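I have placed the structure first, in the form of structure tokens, so that the comments after it can refer back to it.
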There are 2 protein chains.
Amino acid sequence: MKTPQKRTTIYDIAKKLNIAASSVSRALSNSSKVNPATKALILKTAAEMNYQQNVMASNLRKGSNRTIGVVVPRINQGYFSNIIAGMEDITYNKGYNLIICQSNELHAREVDCVNALINQHVNCIVISIAAEPGGHEHLQQVLDHRIRLIQFDRVVDELETFKVINDNERASSEAVSHLIQQGYQRIALLEGPQNLDIFRQRKEGYLSALRKHGLPILEELMCENAWTKELSAEATRKLLGMKNPPDAIFASTSDFSALGVLEVATQMGISVPEQLGICGYSNEPFTEITSPSITTIDQYSFSMGKTIGNLFFQEMEVADLHIEPKIMSIKPKLIVRKSTQRS
Amino acid sequence: MKTPQKRTTIYDIAKKLNIAASSVSRALSNSSKVNPATKALILKTAAEMNYQQNVMASNLRKGSNRTIGVVVPRINQGYFSNIIAGMEDITYNKGYNLIICQSNELHAREVDCVNALINQHVNCIVISIAAEPGGHEHLQQVLDHRIRLIQFDRVVDELETFKVINDNERASSEAVSHLIQQGYQRIALLEGPQNLDIFRQRKEGYLSALRKHGLPILEELMCENAWTKELSAEATRKLLGMKNPPDAIFASTSDFSALGVLEVATQMGISVPEQLGICGYSNEPFTEITSPSITTIDQYSFSMGKTIGNLFFQEMEVADLHIEPKIMSIKPKLIVRKSTQRS
DNA sequence: CTGAAAGCGCTTACAG
DNA sequence: CTGAAAGCGCTTACAG
């Protein structure tokens with residue numbers, strides 16, 4: 001633990017040039033009130049001395065560190081990594097940094113991450129909450145510490161914050177309507193954890209489409225907590241083993257679930273889409289290359305990331321903390337592929 | 001741009017309790033030299049006053065900000081997002097933050113990112129360089145500023161830094177040997193940009209396997225710059241249109257390339273693996289579900305991320321800056337699937 | 001346009 | 001165990 005040699009500071013430059021540190025600071029921060037000649041000299045000397053601003057000191061003094069904290073369940077999931085990539089594209093151009101944390105779907109870890117970010121005095125926290133149920137005092141804390149907050153995708157509805165969400169209900173309703181139009185009559189639903197609003201909304205979309213088309217709502221066709229490939233495969237085995245099995249499955253939780261369905265159907269010799277229609281959610285890259293390719297819903301994740309970034313810079317960065325929070329809803333797009341095209 | 005209300009500082013707590021700020025600081029930092037009773041009182045009061053340490057001030061004073069900067073070509077690519085997820089797992093437990101930047105494969109942007117991180121006084125920079133050719137003065141700058149540097153995967157070989165790499169040559173050689181053992185005789189190579197060492201090494205592995213098995217090295221079977229799905233598909237069309245086409249293609253650049261090969265072969269009615277063997281690189285999730293499934297090479301990206309994190313904490317965090325850098329090589333694993341199994 | 005000074009909020013040697 | 005003081009490196013009102 002040693003510091004072999006000090007970094008150059010503005011005082012070193014000031015001393016060398018026999019001027020005040022404040023002038024050096026002004027020259028470096030490109031302030032107008034400084035003689036162009038001295039300014040040039042200062043910049044030249046700074047470069048020669050290999051000067052790099054100490055951002056920690058600058059941040060402390062200015063009370064802002066131009067940093068946005070991001071908390072997601074998992075970084076290495078197509079949807080979230082695309083969101084982050086999109087955000088980075090925006091923040092990079094604004095000279096902001098992104099600090100990334102993953103909750104691993106655990107509430108306690110999410111609380112930890114949020115506290116760490118509050119501690120860092122980030123300018124804004126962008127979060128999509130973990131699946132594990134838990135309170136949201138930690139998010140209230142963010143607001144209490146006067147840090148801006150954007151929730152996206154999986155949001156705590158009752159908390160009044162900026163939100164960037166997908167219209168899950170509408171997208172799901174469209175997907176199920178599409179299945180009905182293709183002639184499917186007994187459509188099963190694979191549900192995600194109902195403590196997350198996104199999964200409740202998707203279920204709602206499923207129900208409303210059935211109602212709209214006058215189809216019965218059958219409890220036995222709705223499977224709880226089928227939100228991994230494995231759990232979905234298990235649920236599918238049960239569904240397809242019924243006396244009166246479904247003729248379509250809407251894997252509302254993810255494409256991974258849809259893949260589980262497809263694999264089980266293939267194993268059981270059930271032909272897709274003829275005997276069984278399958279629709280997933282998220283438009284993961286692989287849905288295009290399975291056989292048959294899988295119908296799914298694209299959430300525009302990369303551009304959603306950009307939307308989040310732009311929202312911060314355009315509406316929040318310099319605005320009053322107490323402005324009415326904005327809610328932006330992005331309409332996902334149904335991508336029809338072979339797994340649901342009977343006609 | 002307003003600060004509605006000040007945050008609680010240690011001075012606020014000190015004033016309230018009529019003690020010195022230094023005692024508050026000591027109590028909060030869990031120092032031993034403080035009366036347990038006062039300490040308890042301080043902690044209680046701090047909690048009541050909603051105190052959060054100002055990390056900017058602490059960092060400035062301590063001269064370290066417990067942050068690691070990461071620069072990768074793209075965040076939203078399975079390989080890199082896994083590396084980051086693995087690193088985060090380690091840094092989270094150590095209370096370090098991760099700042100993430102993406103170069104988008106552009107050299108100038110990479111230089112920008114690195115400079116921003118130097119400015120932030122991060123403790124360490126972890127980088128995998130962009131494909132676009134360019135110098136490496138920016139990496140030398142990192143060292144000049146006494147910031148620790150770890151290169152991974154795509155490294156600048158001549159720069160003496162810590163490195164975490166895959167043994168690309170050996171893995172490629174094994175893959176090609178496997179093809180030869182399966183009876184393939186005319187094995188084509190899809191190459192990546194040769195300014196990146198990883199692609200040179202993979203080519204070297206291909207060549208050495210051919211030599212070892214006494215097979216001729218044929219220029220017409222080696223395709224430069226076939227490192228996206230589209231470029232690979234194009235190269236494949238050329239290869240398969242030859243009078244004497246290859247009977248196997250090693251897509252050394254990525255599984256996306258291998259997918260391009262598979263799609264073209266399928267379109268042309270060429271059966272895989274019977275008429276054409278295909279091997280990819282990286283073990284992207286989709287390789288398991290194509291038909292046929294694709295033989296590929298797993299790089300253990302998540303655990304590689306952990307290795308990078310551990311390397312920093314175990315060898316670099318508190319060590320002298322001028323210790324001999326360590327180079328860790330991880331042996332990737334050949335995953336044999338249907339696309340290469342003729343027997 | 002320039003300088004002297006205060007202060008951002010913390011930590012830590014120093015003295016007691 | 002506790003307090004007073006200095007200082008991390010910068011920025012910015014204030015005075016000239």
Side-chain angles (χ1 to χ4, degrees), chain A residues 1-3 5-43 45-46 49-66 118-123 145-146, chain B residues 1-3 5-43 45-46 49-67 118-121 123 145-146:
Chain A
M1 194 83 99
K2 49 180 285 201
T3 316
Q5 173 184 1
K6 275 178 77 285
R7 292 196 185 219
T8 306
T9 72
I10 56 171
Y11 278 91
D12 300 327
I13 299 173
K15 193 175 289 173
K16 182 153 197 172
L17 295 179
N18 235 321
I19 56 177
S22 42
S23 295
V24 178
S25 173
R26 278 189 282 258
L28 292 169
S29 66
N30 213 11
S31 156
S32 53
K33 313 181 230 162
V34 58
N35 185 316
T38 18
K39 181 166 161 182
L41 180 62
I42 290 168
L43 292 179
T45 312
M49 295 176 76
N50 205 15
Y51 173 78
Q52 292 281 144
Q53 187 198 47
N54 184 328
V55 181
M56 293 182 282
S58 173
N59 286 343
L60 174 59
R61 182 52 227 256
K62 293 205 217 158
S64 153
N65 57 7
R66 297 177 77 78
I118 291 176
N119 249 276
Q120 289 289 325
H121 287 220
V122 294
N123 294 74
H145 281 94
R146 292 179 288 291
Chain B
M1 194 83 97
K2 49 180 286 202
T3 317
Q5 174 188 359
K6 274 178 82 278
R7 291 200 188 216
T8 306
T9 71
I10 55 171
Y11 278 91
D12 300 327
I13 299 172
K15 194 175 289 170
K16 181 154 201 171
L17 295 179
N18 234 322
I19 55 176
S22 41
S23 295
V24 177
S25 172
R26 278 188 282 258
L28 293 168
S29 66
N30 212 10
S31 158
S32 53
K33 312 182 232 163
V34 57
N35 185 317
T38 17
K39 181 167 160 181
L41 179 63
I42 290 168
L43 292 180
T45 313
M49 297 177 74
N50 204 14
Y51 172 78
Q52 293 283 143
Q53 186 198 48
N54 185 327
V55 182
M56 292 183 281
S58 173
N59 286 343
L60 174 59
R61 181 54 227 254
K62 293 205 217 159
S64 154
N65 56 7
R66 297 178 77 79
T67 297
I118 291 175
N119 250 275
Q120 289 288 327
H121 287 221
N123 294 72
H145 281 93
R146 292 178 290 290

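Each chain gets a letter, A, B and so on, in the order its sequence line appears, and its residues count up from 1. We use all heavy atoms of the structure for the numbers below, so side chains are in, but hydrogens, waters and symmetry mates are not. Please read all numbers here as calculations on a predicted model, not as lab measurements.
In this structure the side chain of A:V24 never reaches within 4.5 angstrom of the side chain of A:Y11, judged on heavy atoms. A 4.5 Å side-chain heavy-atom check between B:T38 and B:L17 finds every atom pair outside the cut-off.
Phosphate contact (OP1/OP2 of C:dC1, side-chain N/O of A:S23, threshold under 4.0 Å): absent. Contact between the side-chain N/O atoms of B:Y11 and the OP1/OP2 oxygens of C:dG7 is not found at any separation under 4.0 Å. Proximity of A:S22 to the phosphate of C:dA5: no side-chain N or O atom is located under 4.0 Å from OP1 or OP2.
Heavy-atom minimum distance, B:R7 versus B:Q52: NH1-CB, 4.2 Å. Among all heavy-atom pairs drawn from B:D12 and B:T9, the shortest one is OD2-N, 2.8 Å. The minimum heavy-atom distance linking A:Y51 with A:I10 is given by the pair OH-CG2, 3.5 Å. A pairwise comparison of heavy atoms in B:M56 and A:G63 identifies CE-C, 4.3 Å as the closest pair.
At whole-Å resolution of the value, CG in B:N65 and P in D:dG9 are 14 Å apart. Per the geometry, NZ belonging to B:K62 stands 17 Å off P belonging to C:dG9, to the nearest Å. Between B:H121 atom NE2 and D:dC10 atom P the separation is 8 Å, expressed in whole Å. Atom P of nucleotide C:dC8 and atom CG of A:N59 are separated by 16 Å, given to the nearest angstrom. For A:K15 and D:dG9, the NZ to C1' distance is 14 Å, given to the nearest whole Å. In this entry the distance linking CD1 of B:I42 with C1' of D:dC1 reads 11 Å, nearest Å. Going from atom CG of B:N18 over to atom C1' of D:dG3 covers 12 Å, rounded to whole Å. To the nearest angstrom, C1' of D:dG7 lies 18 Å from CZ of A:R7.
Contacts of B:S58 with the nucleic acid, taken as non-hydrogen atoms under 4.0 Å apart, involve only primed sugar atoms and P, OP1 or OP2. Within 4.0 Å of A:T38, counting heavy atoms only, lie sugar-phosphate atoms of the nucleic acid but no base atom.
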Review point. In dot-bracket notation, what is the pairing pattern of DNA chain D, taking Watson-Crick (N1-N3 plus N6-O4 or O6-N4) and G-U wobble (N1-O2 and O6-N3) contacts under 3.5 Å, with [ ] crossing and | for other strands?
Key: |||.||||||||.|||
Check your understanding: Passes side chain to side chain contact (heavy atoms under 4.5 Å, CB included), B:N59 versus B:T67? Steps please.
Key -> CA-CA 10 Å; B:N59 286 343; B:T67 297; 6.0 Å; no
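Proximity of a side-chain donor or acceptor of A:N65 to a complementary backbone N or O of A:Q120 within less than 3.5 Å is detected.
D:dG16 and D:dT12 are spaced 16 Å apart, taking the C1' atom of each and rounding to whole Å.
Proximity note for A:A57 (side chain, C-beta onward) versus D:dG9, D:dT2, D:dG3: the nearest is D:dG9. Comparing C:dG3, D:dC8, C:dA13 by their nearest atom to the side chain of B:R26 picks out C:dA13. Set against C:dC1, D:dC10, C:dT2, the side chain of A:V34 has C:dT2 as its closest nucleotide. With C:dC8, D:dC1, C:dA4 as the choices, the nucleotide that has an atom nearest any side-chain atom of B:P36 turns out to be D:dC1. Closest to the side chain of B:N35, from the set D:dT2, D:dG3, C:dA4, is D:dT2.
If B:A20 and A:N54 are placed on DNA chain D by their nearest nucleotide, the residue sitting closer to the 5' end is B:A20. Nearest-nucleotide positions on DNA chain C for A:I19 and B:I10 put A:I19 closer to the 5' end.
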